[in-house]
2 protein chains.
Amino acid sequence: MQKQETLSKNQKIILDLIEKSDQPLKAYSILFDVKKKGINAPLQVYRALDKLVEIGKIHKIESRNAFVACKNSNCQVSKATAFSICESCEDVTEVSNLKLSKYLNNFADKSGMKYNKYNLEFFGLCKNCKK
Amino acid sequence: MQKQETLSKNQKIILDLIEKSDQPLKAYSILFDVKKKGINAPLQVYRALDKLVEIGKIHKIESRNAFVACKNSNCQVSKATAFSICESCEDVTEVSNLKLSKYLNNFADKSGMKYNKYNLEFFGLCKNCKK
DNA sequence: TTAAATATGTTATATTATTACACAGCGTTA
DNA sequence: TAACGCTGTGTAATAATATAACATATTTAA
Ligand SMILES: [Zn+2]
Ligand SMILES: [Zn+2]
Ligand SMILES: [Zn+2]
Ligand SMILES: [Zn+2]
């Protein structure tokens, strides 16, 4: 169990919104949606997003500048993430595959650098878009 | 051999600059550098970057919004890319590992989605920064 | 040699993200 | 309890990244 109870007001509002969406949300679309809850400025959104990413509640889809809720018991606090992205409808799914994460967590190349984090984005066409 | 000879003037100028840099360059820093060569507007830079990415001469480091030259004979035209990124000095190296690329190119999860492209970014501390 | 495709140049604007500053609440500890 | 550190909030301004729209030029290929 993670410590969920410590989320602040803004963090809760924004996590709630992202969790209710089945697709990635962009920061300014989040801002638009939470204005009715009294969150008025980009920075308020970005601060909450930063924190939520840090604790693994959400992930940033880097190639899309958008945020999704973690579907994967908070992904070792966002240290090991993988997504599949449909290039047609922009549907994004978090990939949850133990073999893959094991493989990547243990990956070491000749540089001798030891990685403590990775992010992987797969692109293709989803079932629907493949026709 | 790829068809390099077909690069346009702006594309050549910008590829040349990126190839001479050992680290990722950002679009507006490229713009600043190529002003003396008569490239004056962001769009001119972004258009060249788009094309160079498309043909696999350069890659975009998504988590950094920056561009590096391909060190890897143009990575199947940018369809399969992996990088290691030092979170301290921001040094970026293209990972060239046949087993890894084979593994990821063949990866398929239960979604049934077949991927035609991926991008992987590893994060950690490089040798120097590990002290 | 015309038409399509690709590239250029320019202006304006949209989108994404951060800096800087003031202050509030809460738990620790001196 | 007072002082402090830490985390979060609110607000304004601005920086950094990227694209739209339009006009024109150049290259390629039928
Ligand atoms: Zn996750
Ligand atoms: Zn799709
Ligand atoms: Zn490459
Ligand atoms: Zn380093």
Side-chain angles (χ1 to χ4, degrees), chain A residues 2-18 21 23-68 77 87 90 92 119 121, chain B residues 2-18 21 23-68 77 87 90 92 119 121:
Chain A
Q2 317 285 113
K3 45 173 176 176
Q4 154 120 12
E5 55 287 351
T6 64
L7 289 183
S8 76
K9 172 176 143 279
N10 289 358
Q11 289 159 14
K12 264 180 223 140
I13 291 170
I14 286 172
L15 175 58
D16 189 54
L17 183 68
I18 296 175
S21 166
Q23 285 308 303
L25 296 178
K26 310 198 122 210
Y28 277 74
S29 117
I30 292 170
L31 176 57
F32 180 86
D33 287 345
V34 298
K35 281 211 160 137
K36 43 188 168 277
K37 304 242 178 184
I39 295 178
N40 298 300
L43 191 47
Q44 295 176 287
V45 172
Y46 280 106
R47 283 194 286 222
L49 290 173
D50 285 351
K51 185 65 179 191
L52 293 168
V53 166
E54 186 191 321
I55 64 178
K57 289 289 180 189
I58 66 172
H59 304 303
K60 181 173 187 181
I61 309 299
E62 293 288 356
S63 65
R64 300 299 187 258
N65 300 314
F67 300 84
V68 283
V77 190
E87 291 187 291
E90 293 295 324
V92 171
N119 179 59
E121 298 180 7
Chain B
Q2 317 285 110
K3 46 174 175 174
Q4 154 119 12
E5 55 288 350
T6 64
L7 290 183
S8 76
K9 173 177 144 279
N10 288 359
Q11 289 159 14
K12 264 179 223 141
I13 291 170
I14 286 171
L15 175 57
D16 189 54
L17 182 69
I18 297 175
S21 166
Q23 285 308 303
L25 296 179
K26 311 200 122 207
Y28 277 73
S29 118
I30 292 170
L31 176 57
F32 180 88
D33 288 345
V34 298
K35 280 209 160 138
K36 44 186 167 276
K37 304 241 178 185
I39 295 178
N40 297 300
L43 193 46
Q44 294 176 288
V45 172
Y46 280 106
R47 283 194 288 223
L49 291 173
D50 285 351
K51 185 66 179 189
L52 292 168
V53 166
E54 186 191 321
I55 65 178
K57 288 290 179 189
I58 66 173
H59 304 302
K60 182 172 186 181
I61 310 300
E62 293 287 356
S63 66
R64 300 298 187 261
N65 300 315
F67 300 84
V68 283
V77 190
E87 292 187 290
E90 293 293 324
V92 170
N119 179 58
E121 298 180 6

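Side-chain atoms are counted along with the backbone in the values below, which use heavy atoms only and exclude waters and symmetry mates. Below, chains carry the letters A, B, ... as their sequence lines are ordered, and counting in each starts from 1.
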CZ of A:F67 versus P of C:dT15: gap in Å, rounded? 16 Å
Check B:Q23 against B:V68 and note the closest heavy-atom contact, atom names and distance. C-CG1, 4.2 Å
Any side-chain N or O of B:K26 less than 4.0 Å from the OP1 or OP2 oxygen of D:dA16? no
What is the separation between atom CD on B:E62 and atom C1' on D:dT17, rounded to the nearest whole Å? 12 Å
Each nucleotide of nucleotides 25-30 of chain D classed B (base within 4.0 Å of a protein heavy atom), S (only sugar-phosphate) or -, in 5' to 3' order, makes ------
Without decimals, in angstroms, what is the distance between B:D50 CG and C:dA5 P? 19 Å
Check B:L25, B:L31, B:V34 against B:I14 for a side chain to side chain contact (heavy atoms under 4.5 Å, CB included) and give me the one that passes. B:V34
According to side chain to side chain contact (heavy atoms under 4.5 Å, CB included), who are the partners of A:S63, at least two apart in sequence or on a separate chain? A:I61, A:I85, A:E121, A:F123, B:E62
Whole-Å distance, B:Y46 OH to C:dT8 P, equals 17 Å
Within the 4.0 Å limit for protein heavy atoms, which parts of nucleotides 9-14 of chain D are touched? Write it as a string from 5' to 3', B for base, S for sugar-phosphate only, - for none. BBBB--
Using whole Å, report how far NZ of B:K35 lies from P of C:dG9. 14 Å
Using whole Å, what does the distance between atom C1' of nucleotide C:dT6 and atom NZ of B:K12 come to? 14 Å
Would you list the atom pairs, donor with acceptor, under 3.5 Å between side chains in residues 37-48 of chain A and any protein atom, with sequence neighbours excluded?
residue	atom	partner	partner atom	Å
A:N40	ND2	A:G38	O	3.3
A:Q44	OE1	A:N40	N	2.9
A:Q44	OE1	A:A41	N	2.9

Going by the rule salt bridge (Lys or Arg N to Asp or Glu O under 4.0 Å), which residues pair with A:D16 if we only count those two or more places apart in sequence or in a different chain? A:K20
Gap between atom CG of A:L17 and atom CG of A:D33 - 0.5 Å precision: 5.0 Å
Please assess B:L49 against B:I30 for the test side chain to side chain contact (heavy atoms under 4.5 Å, CB included), listing each intermediate value before the final yes or no. CA-CA 10 Å; B:L49 291 173; B:I30 292 170; 4.0 Å; yes
Global bending angle along the helix from C:dT1-D:dA30 to C:dA30-D:dT1, which compares the axes of five pairs at either end, to 10 degrees: 30°
Given atom CG of A:L25 and atom C1' of C:dT15, what is their separation to the nearest angstrom? 16 Å
Interatomic distance, A:E54 CD vs D:dG8 C1' [rounded to whole Å]: 13 Å
Identify the heavy atoms of A:Q11 and A:T6 that sit nearest to each other, and give their distance. OE1-O, 4.5 Å
Taking all non-hydrogen atoms of both residues into account, name the closest pair between A:K26 and A:R64 and its distance. CE-O, 3.2 Å
Counting only side-chain N and O atoms of A:N65, is one of them less than 4.0 Å from OP1 or OP2 of C:dA17? yes
